[in-house]
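Notes follow the structure.
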Amino acid sequence: PVRALFLGAHCDDTEIGGGGTILTLAGLYPNLSVHWIVLSATDERASEAERSAGRFLAGVRSKQLVVERFRDGYFPYEGARVKDCFEGLKARLAPDVVFTHYRDDWHQDHRLVCELTWNTFRDHLILEYEIPKYDPETSSPNLFVPLDSAVAEAKVGHLLEVYPSQAAKPWFTRDTFLATMRLRGVQARAPQYAEAFHVRKVVLG
C-alpha cells in the first residue's frame with residue numbers, strides 16, 4: 001500500500017492545507033493507507049475532526065485518526081510532551097510520504113510540528129502545506145497538485161459543513177479556500193485549481 005501520514009496541529013489544518021490532495025490520492029490509489037494525526041482539540045472540535053476524516057477518507061480502506069489534546073497555542077511550551085508523541089509515531093509508522101505544516105508559518109504550533117516532523121522522519125518524503133491566515137507570510141511553494149473543480153468544491157463543502165465552530169472566523173469562507181486554490185492553479189498551469197506544497201529535500205533512487 002501507499003502509506004501517507006498527515007500531521008496537523010489543529011483540527012482543520014490538514015484539510016485546509018491538503019484536503020484536495022487527500023481526495024485526489026484516495027481516487028488514484030485504491031490501496032492507500034492513511035494515518036491522520038491531530039495534535040490539539042477540544043471535545044467539540046474533536047467531534048468535528050472525526051466527521052471531517054470520515055468525509056475526506058470515505059474512499060480509503062485503511063485509515064486511522066488520532067486526536068491528541070495538547071493545549072492550543074502552547075506547543076513550544078509543552079515541547080517535551082509533543083516530542084514524546086512524535087517519538088511514538090516514529091516507533092510505529094513507516095510512511096511513504098508525510099504531510100506537515102510549512103516551516104516558516106508564523107503560528108508557533110505549526111512551526112514546532114514542522115520542526116519535529118523533520119527531526120522524526122529523516123528518511124521520508126515530506127510535503128509542507130500552507131494555510132491562509134492573518135499573518136502576511138511570503139512563500140514560494142515548489143510542488144503543485146492540480147485539482148479538478150469537483151475535488152475543489154468537495155474540499156470546500158466538507159470544510160464548511162463539518163466545522164461550524166469556525167464559521168465566525170472571517171477568513172473561514174468558501175471564497176478564501178477557492179481563491180487560494182485558484183491562484184495555485186494559475187501558478188501550476190492547471191485548468192482549474194491546485195494545492196501547493198514546499199519540498200525541501202528529495203532523494204531519487
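- Residues F99 and Y129 share a closest heavy-atom pair of C-CE2, 4.0 Å.
- The shortest distance between side-chain heavy atoms of D96 and P1 does not fall below 4.5 Å.
- E130 and S139 get closest at one heavy-atom pair: OE1-OG, 4.2 Å.
- Here the CG-CD distance, from L159 to E48, works out to 11.0 Å after rounding to the nearest 0.5 Å.
- In this structure the side chain of Q192 never reaches within 4.5 angstrom of the side chain of M181, judged on heavy atoms.
- F144 and L147 sit in two unconnected hydrophobic clusters of ILVMFWY residues. Membership requires side-chain heavy atoms under 4.5 Å apart, directly or through other members.
- Looking at T120, its side chain does come within 3.5 Å of a backbone N or O of L116 through a donor-acceptor pair.
- For residues 80-89, the pairs satisfying salt bridge (charged side-chain N to carboxylate O under 4.0 Å, His left out) are E78-R81, K83-E87, E87-K90, with sequence neighbours left out.
- Panel note: side chain H101, backbone A9; a donor-acceptor pair is recorded below 3.5 Å.
- T180 places a side-chain N or O within 3.5 Å of a backbone atom of T176 that can act as its donor or acceptor partner.
- A donor-acceptor distance shorter than 3.5 angstrom exists from the side chain of Q108 to the backbone of G73, with no hydrogens or angles considered.
- Atom CZ in F75 sits 12.5 Å away from atom CZ in R111 (nearest 0.5 Å).
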Could you give the side-chain donor-acceptor pairs of residues 197-205 under 3.5 Å, partners two or more places apart or in another chain?
from: R200; atom 1: NE; to: E128; atom 2: OE1; distance (Å): 3.0
from: R200; atom 1: NE; to: E128; atom 2: OE2; distance (Å): 2.8
from: R200; atom 1: NH2; to: E128; atom 2: OE1; distance (Å): 3.0

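- Partners of R69 by side chain to side chain donor-acceptor pair (under 3.5 Å), not counting sequence neighbours, listed by chain and number: D43.
- Distance alone, capped at 3.5 Å, is enough to place a donor-acceptor pair between the S40 side chain and the F70 backbone.
- In terms of the side chain to side chain donor-acceptor pair (under 3.5 Å) criterion, N119 has no residue partners (sequence neighbours excluded).
- The list of salt bridge (charged side-chain N to carboxylate O under 4.0 Å, His left out) pairs with a residue in residues 97-110, not counting sequence neighbours, reads D105-K133.
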Distance-only donor-acceptor hits, side chain of residues 18-34, under 3.5 Å, sequence neighbours excluded:
from: T21; atom 1: OG1; to: E195; atom 2: OE1; distance (Å): 2.6
from: T24; atom 1: OG1; to: G20; atom 2: O; distance (Å): 2.8
from: S33; atom 1: OG; to: S62; atom 2: OG; distance (Å): 3.3

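- A donor atom on one side chain and an acceptor atom on the other are not found under 3.5 Å apart for D135 and H107.
- Side-chain heavy atoms closer than 4.5 Å link hydrophobic residues (I, L, V, M, F, W, Y) into clusters, and following such links, possibly through other members, connects L7 to V66.
- Under the 4.5 Å side-chain contact rule for hydrophobic residues, V156 and L57 share a cluster.
- The closest donor-acceptor contact from the side chain of Y163 to the backbone of C11 lies under 3.5 Å.
- The two atoms that bring L112 and G79 nearest to each other are CD2-CA, 4.5 Å, heavy atoms only.
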List the steps, then state whether side-chain contact (heavy atoms from CB on, under 4.5 Å) holds for S149 with Y193. CA-CA 7 Å; S149 57; Y193 301 97; 4.1 Å; yes
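- Across all their heavy atoms, P95 and L5 have their closest contact at CB-CB, 3.8 Å.
- Screening residues 12-31 for salt bridge (charged side-chain N to carboxylate O under 4.0 Å, His left out), with sequence neighbours left out, gives D12-R45.
- No side-chain heavy atom of V38 sits less than 4.5 Å from a side-chain heavy atom of F6.
- The side chain to side chain donor-acceptor pair (under 3.5 Å) search around E68 returns none, not counting sequence neighbours.
- Screening residues 166-182 for salt bridge (charged side-chain N to carboxylate O under 4.0 Å, His left out), with sequence neighbours left out, gives E153-R174.
- In the hydrophobic clustering of ILVMFWY residues, with side-chain heavy atoms under 4.5 Å counting as a link, V151 and V2 come out together.
- No path of Ile, Leu, Val, Met, Phe, Trp and Tyr side chains, each step under 4.5 Å between heavy atoms, connects L89 with L127, placing them in separate hydrophobic clusters.
- L93 and F121 make their closest contact through O-CE2, 4.4 Å (heavy atoms, listed as atom of the first residue, atom of the second, distance).
- Checked against side chain to side chain donor-acceptor pair (under 3.5 Å), T117 has the following partners two or more places apart in sequence or in another chain: T100.
- When the ring pair (Phe, Tyr, Trp, His ring centres under 6.0 Å) test is applied to F86, no partner is found at least two apart in sequence or on another chain.
- For the ring pair (Phe, Tyr, Trp, His ring centres under 6.0 Å) condition, the pairs that include at least one residue of residues 35-57, sequence neighbours left out, are F56-H158.
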